[in-house]
*Asks:* 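The structure under discussion is supplied below as structure tokens; questions concerning it will follow.
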Amino acid sequence: SRRRFLQATATGAGVVLAGQKATADVRRVGPWASQYGERSPFDKVNRTISGNLQHESETPQQALSGMITPSSLHYERHHAGVPTIRPEEHKLLIHGMVEEPKVFTLHDLLRFPQASRICFLECAGNGKHHFKSDEKTTPQRLCGLISQSEWSGVSLSSLLREVGVKKSGSWLLAEGSDACLLTRSIPMERALDDVLIAYAQNGEAVRPEQGYPLRLIVPGCEGSMNVKWLRRLEVSDQPFMTREETAKYSDPLKDGTVRQFSFVMDAKSIITQPAYPLQIEKGWHEIRGLAWSGRGQVAGVEVSDDNGSSWHQAQLQSPVLDKSCVRFGLLWKWDGKERLLTSRVIDSTGYTQPSARELIAIRGKQSLRYHNNTMTTWRVQSDGQVFYQRMD
Amino acid sequence: SRRRFLQATATGAGVVLAGQKATADVRRVGPWASQYGERSPFDKVNRTISGNLQHESETPQQALSGMITPSSLHYERHHAGVPTIRPEEHKLLIHGMVEEPKVFTLHDLLRFPQASRICFLECAGNGKHHFKSDEKTTPQRLCGLISQSEWSGVSLSSLLREVGVKKSGSWLLAEGSDACLLTRSIPMERALDDVLIAYAQNGEAVRPEQGYPLRLIVPGCEGSMNVKWLRRLEVSDQPFMTREETAKYSDPLKDGTVRQFSFVMDAKSIITQPAYPLQIEKGWHEIRGLAWSGRGQVAGVEVSDDNGSSWHQAQLQSPVLDKSCVRFGLLWKWDGKERLLTSRVIDSTGYTQPSARELIAIRGKQSLRYHNNTMTTWRVQSDGQVFYQRMD
Amino acid sequence: MPEKLGIGFVPSPELVKAWDTAIQPDGRGLPPGKGCVTDGQRIYVEQCQVCHGISGKGGQYDVLAGRLAENLFPFAAESGHPKTIGNYWPWATTLFDYIRRSMPLLTPGTLSDNDVYALSAYLLHLNELLPESACLDAASLPQIEMPANKRFVPDNRLETSAVR
Amino acid sequence: MPEKLGIGFVPSPELVKAWDTAIQPDGRGLPPGKGCVTDGQRIYVEQCQVCHGISGKGGQYDVLAGRLAENLFPFAAESGHPKTIGNYWPWATTLFDYIRRSMPLLTPGTLSDNDVYALSAYLLHLNELLPESACLDAASLPQIEMPANKRFVPDNRLETSAVR
Ligand code: HEC
Ligand code: HEC
Ligand SMILES: [Ca+2]
Ligand SMILES: [Ca+2]
Ligand SMILES: [Ca+2]
Ligand SMILES: [Ca+2]
Ligand SMILES: [Ca+2]
Ligand SMILES: [Ca+2]
Ligand SMILES: [Co+2]
Ligand SMILES: [Co+2]
């Protein structure tokens, strides 16, 4: 790229000697202000669409910075596509074991105190390609089902107070208004804690594919708990045992049991740079990546360049927030030798991200179709090419 | 809106009795995943374009939530429109009183440690319409030239270390590559503090109208210091006295002096809801707004509904960050009487936002074309209509 | 903050009735009506087989039928064993609830409650959990003992910081 | 972190020369060349007047010319007094720097350095700061004493939490 730079200078690229006649340096004004901005036409970073129904799209982790995911690149997982909802027709019904059932319009919800929080959403299936992928696999493919936004809306607890939950009410059903009317059960304890009914994502209305106009946000919990296009909450005295918490999203264990309601996402991290398909040069680089925990805050991230023999404390970007993704970095000099790069996160509860072998030993490899939070390893070859290194 | 709701229920709106034949309740799947998402077609919230060259656009504060402004709605102020820059051709030159001048490509910058921060940008002219506007004026018009993003890039101090600033180097010139090659001088002390060379905004590449591919971010300082399309930094032993820090953005004072380099934005707040053109009903509402300070953190916001006779502490959304906007809220019951709603912020340095009369008395009304951080008042009429109330 | 802000409306009984369709594991929520294995088979062949295969196997989408020996539960460690209603689903009520709200994939909401009882019965029959002569209604559906039911346990990870 | 990471390139002298065009208040950066009021008038009429008006007043965009009595500086309190080069600008070097980098609005970069000296001279003349016979070059431009220069003071707000 030194060559490219010298070329660019030589061929002008808008630059001329500041002589007496500088007419070659004419600069023309560009377009002025616009109503709703778009990204640069040179920015081609996209989600990758996957699944036999094109029901998923993966966030391009390796191309992003900081901790906010642009709403346009927030991962998707749909069970019946994206419904088209007119906001003035949308209603939220809260009923069941309550003193007084109520229905709220968006206008009503805007009158309640607004709460906002930055937190990640992660599909329980994030990591499902780990043990099926070859070395030419990107962070986007391996870990593209996590994204982070600032969500704003009403605390669910404010609305539950408004309807008056009966003593018997210990679970809540959340129902979407997509074609499949997706449902999930949520323990009341959790519902009264930090759950939001979000009408905004990164400042503006929640995006259509993220649940416009209303999405349930259950911080730290698997994506499908965060019911999109939310239309109904039903209070009951037991979980509803919906398909998405029995047949799916449950974890068969090696002892023959099935772990259910394992919706809190364990701590995970991944190096997003350098990673396949980059080729790096010798010298200084920042090894960068993402770390998060559904159990609490990221306490620290360690990076190894020797397959876990030694670990180095990475820097965390700030702020580090509860149930929130953080970008980490470690300044690292590559000496041209083959290296295995790995990261692991430790969260505020003391939980440490396991290696693939460790978690396979505990849960079984097939169990890790969901809730696979194992470490990811990248192999830097001596020619600088970086490849995914399976460790199962 | 009760009427509208009952209507919607009566006419069906997709809802039928759950009888033996539920065929009227057919729900069709929507479109599946996409590469780069768009907002709902029903979301019509836009920037308003203003200025005789259409050189500005204002953020729709009253329609937004939380503290992140969507990049597509970040305010704009251009001096020569938006240039089209090919990222692979863009370079950043650092020279002048340095040991070794250097030029960096975007690829080079990505190798440095990445820093991110959430901070506001505010045009020095935010508030210039205060004393010229009639009662039918929105928060967007009065206060649309402030927005907030997460900015990611390289610490300027990392790059200055790379070139080695000479002892004599006490100021820095930043130059954009827009048609007018906009320049601003920055004191070295500040440049070594918390200044960023940002290549990312809210996770993805900086938007074209915000400086793609590189923008200088000087947290807490007036917009034009945050030079867009940054191509050059020159170290010198004195400020350059560019047009934007002499003829413009300076503050003539009543004692006949002109305050220069007054780029730190004083603390300000504004109620964004209820505000013109809303009409509210009796009962509970949240009075909401934005507060910030370029001097440090927001320490508290107070709201008055009686023209400043009594003040009530508002709630701040979290996190509250340094030189960062925060959304505040106060639950408030409107009794149907005429009310004057005002907010004022106090920052971590003890600075309190002044009233219009106070600041006019100190600086003079014409001085407040720039750096007008006075309080904004809204009049709630007894019919619930809300209007802007000039207080000069 | 006061106890209640008085925002929002009391819903019409029609709205609650139309939306209050979730079925609970004890059978609460199940509607009147009835359906038999043989009817279910007819509807399945017409409306479901194209995606889920003949007799619930070999289709492009989820495998619905198939049992394993009583003591075999290989889903944690081995691949190649599809999770089916018969070998993995803990509650029969989930079947009624899910089919009624979500299937057929492209036109959910078109089945009558009788159809859904019939399809549930047929799928349970394919999983060797009902005889071919069986019919299901609100009383009998929740009675069905699902082989995997006893295996489901609540999350126990959060009691410790160890990896589980 | 090591002192230097060794990232980035040493720029070519051509690049630095082409971009190193900012003028400092002491005149550093001013290029060779020269221009006179009369030339400046000709260029102004052709290229600037359409936007800035005849003799720097009454155009659609910024008013460039106009003086006030020596002790009049009404910009804080009164409206209706345009800030001009003559009554508000603290440095003459700013004029050369700004015109060369930014004007004419739609085609900046088309003026020669001689043109810019001439336009600076003409605008200073319009502001009664140079006689009609004057010419400007790198030596003389920084010598011009601007009436408002003495008024400019650095920011003093941050010393206190009081409003200033
Ligand atoms: C056009 C394709 C299609 C048709 C027709 C269809 N299904 Fe499905 N079915 C699917 C897909 C795809 C899924 C998985 C959906 C998901 O995971 O969100 C599914 C899931 C299911 C499941 C849950 C399986 C599991 O293990 O979780 C059941 C039960 C089911 N379908 C029953 C039916 C019945 C009964 C019919 C007919 C009335 C039917 N399906 C028609 C495509 C179809
Ligand atoms: C097509 C319109 C147009 C033309 C032609 C034009 N200007 Fe300007 N000029 C402007 C505008 C608009 C501004 C304000 C730009 C801004 O604030 O970013 C301006 C600003 C200026 C200023 C700064 C005024 C101040 O008070 O800050 C000077 C000096 C100036 N022009 C000189 C010139 C000269 C000399 C020419 C001819 C060589 C010229 N202009 C041609 C539109 C024009
Ligand atoms: Ca590299
Ligand atoms: Ca209202
Ligand atoms: Ca019910
Ligand atoms: Ca299945
Ligand atoms: Ca220079
Ligand atoms: Ca002017
Ligand atoms: Co090491
Ligand atoms: Co009061």
Side-chain angles (χ1 to χ4, degrees), chain A residues 1 8 13 27-33 35-37 39-40 42-43 45-47 49 53-57 64-66 68-70 72 76 78 80-84 86-87 89 105 107 111 113-114 116 150 152 179 200 202-205 207-209 212 285-286 288 317 319 321 327 329 331, chain B residues 1 8 13 27-33 35-37 39-40 42-43 45-47 49 53-57 64-66 68-72 76 78 80-84 86-87 89 105 107 111 113-114 116 150 152 179 200 202-205 207-209 212 285-286 288 317 319 321 329 331:
Chain A
S1 89
R27 295 158 256 119
R28 303 206 175 273
V29 298
W32 297 94
Q35 292 190 307
Y36 191 76
R39 62 178 176 167
S40 162
F42 304 114
D43 184 0
V45 170
N46 278 330
R47 299 187 285 218
I49 300 173
L53 288 164
Q54 307 211 306
H55 57 257
E56 290 183 339
S57 74
L64 302 183
S65 304
I68 296 289
T69 311
S72 295
E76 298 168 86
H78 307 304
V82 180
T84 300
R86 296 190 166 269
E89 285 169 10
T105 63
H107 173 81
R111 285 177 59 186
Q114 181 179 94
S116 298
E150 183 191 24
S152 302
N202 296 331
E204 68 188 339
R207 287 297 180 86
E209 66 268 34
Y212 180 87
H285 296 266
E286 187 182 45
R288 270 199 289 279
Q317 292 187 7
L321 302 172
R327 185 82 48 178
L331 195 60
Chain B
S1 89
R27 295 158 255 122
R28 303 207 174 272
V29 298
W32 298 92
Q35 292 189 306
Y36 191 76
R39 62 179 177 165
S40 162
F42 304 115
D43 184 0
V45 170
N46 278 331
R47 299 187 286 219
I49 300 173
L53 289 165
Q54 308 212 307
H55 57 257
E56 290 183 338
S57 74
L64 301 183
S65 304
I68 296 289
T69 310
S71 300
S72 295
E76 297 168 87
H78 308 303
V82 180
T84 300
R86 296 190 166 269
E89 285 168 11
T105 62
H107 172 81
R111 285 176 59 188
Q114 180 178 96
S116 297
E150 184 191 24
S152 301
N202 295 333
E204 67 188 340
R207 286 296 180 86
E209 67 268 33
Y212 180 86
H285 297 266
E286 187 182 44
R288 269 198 291 279
Q317 293 187 8
L321 302 172
L331 196 59

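So that the names make sense, note that chain A is the first sequence line, chain B the second, and so on, each numbered from 1.
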*Asks:* Could you give the distance from CG (B:Asn202) to CG (A:Asn202), rounded to the nearest 0.5 Å?
*Replies:* 6.5 Å
*Asks:* For A:Ser40, which atoms come within 4.5 Å of any heavy atom of chain B: side chain, backbone, both, or neither?
*Replies:* both
*Asks:* What option among B:Ser57, B:Pro319, B:Ser152, B:Ala80 has the most heavy-atom pairs under 4.5 Å with chain A?
*Replies:* B:Ala80
*Asks:* Select, from B:Leu331, B:Thr84, B:Asn46, the one with the greatest count of heavy-atom pairs under 4.5 Å involving chain A.
*Replies:* B:Asn46
*Asks:* Using the six-membered ring wherever Trp is involved, compare the ring planes of A:His55 and B:Trp32 and label them parallel, tilted or perpendicular (cut-offs 30° and 60°).
*Replies:* perpendicular
*Asks:* Is chain A contacted by the side chain of B:Phe42, its backbone, both, or neither, given a heavy-atom distance below 4.5 Å?
*Replies:* both
*Asks:* For B:Leu53, which atoms come within 4.5 Å of any heavy atom of chain A: side chain, backbone, both, or neither?
*Replies:* both
*Asks:* Rounded to the nearest 0.5 Å, how far apart are CD of A:Glu76 and CD of B:Gln35?
*Replies:* 10.5 Å
*Asks:* At a 4.5 Å cut-off on heavy atoms, which part of A:Glu204 comes close to chain B: side chain, backbone, both, or neither?
*Replies:* both
*Asks:* Please name the pair of heavy atoms, one in B:Ile49 and one in A:Ala33, separated by the smallest distance, quoted to 0.1 Å.
*Replies:* CD1-O, 3.6 Å
*Asks:* I'd like to check B:Arg207 versus A:Arg39 (side-chain heavy atoms, cut-off strictly below 4.5 Å). Are they in contact?
*Replies:* yes
*Asks:* Contact part of A:Gln54 toward chain B, heavy-atom cut-off under 4.5 Å: side chain, backbone, both or neither?
*Replies:* both
*Asks:* Please state whether the side chain, the backbone, both or neither of B:Pro31 comes within less than 4.5 Å of a heavy atom of chain A.
*Replies:* both
*Asks:* Looking at B:Pro113, B:Pro87, B:Ala200, which one has more heavy-atom pairs under 4.5 Å with chain A than the rest?
*Replies:* B:Pro113
*Asks:* Contact between B:Tyr36 and A:Val45 at the side-chain level, heavy atoms closer than 4.5 Å - yes or no?
*Replies:* no
*Asks:* Looking at every heavy atom in both A:Ala205 and B:Asp43, which two are closest together, and how far apart are they?
*Replies:* CB-OD2, 3.6 Å
*Asks:* With a 4.5 angstrom heavy-atom cut-off, which part of B:Arg28 approaches chain A: side chain, backbone, both or neither?
*Replies:* backbone
*Asks:* Please identify, among B:Gly329, B:Ser71, B:Pro70, the residue contributing the most non-hydrogen atom pairs under 4.5 Å to chain A.
*Replies:* B:Pro70
*Asks:* Please rank A:Ser72, A:Pro83, A:Ser116, A:Gly66 by heavy-atom pairs under 4.5 Å with chain B and give me the top one.
*Replies:* A:Ser72
*Asks:* Does the side chain of A:Gln114 come under 3.5 Å of the side chain of B:Gln317 through a donor N or O and an acceptor N or O?
*Replies:* yes
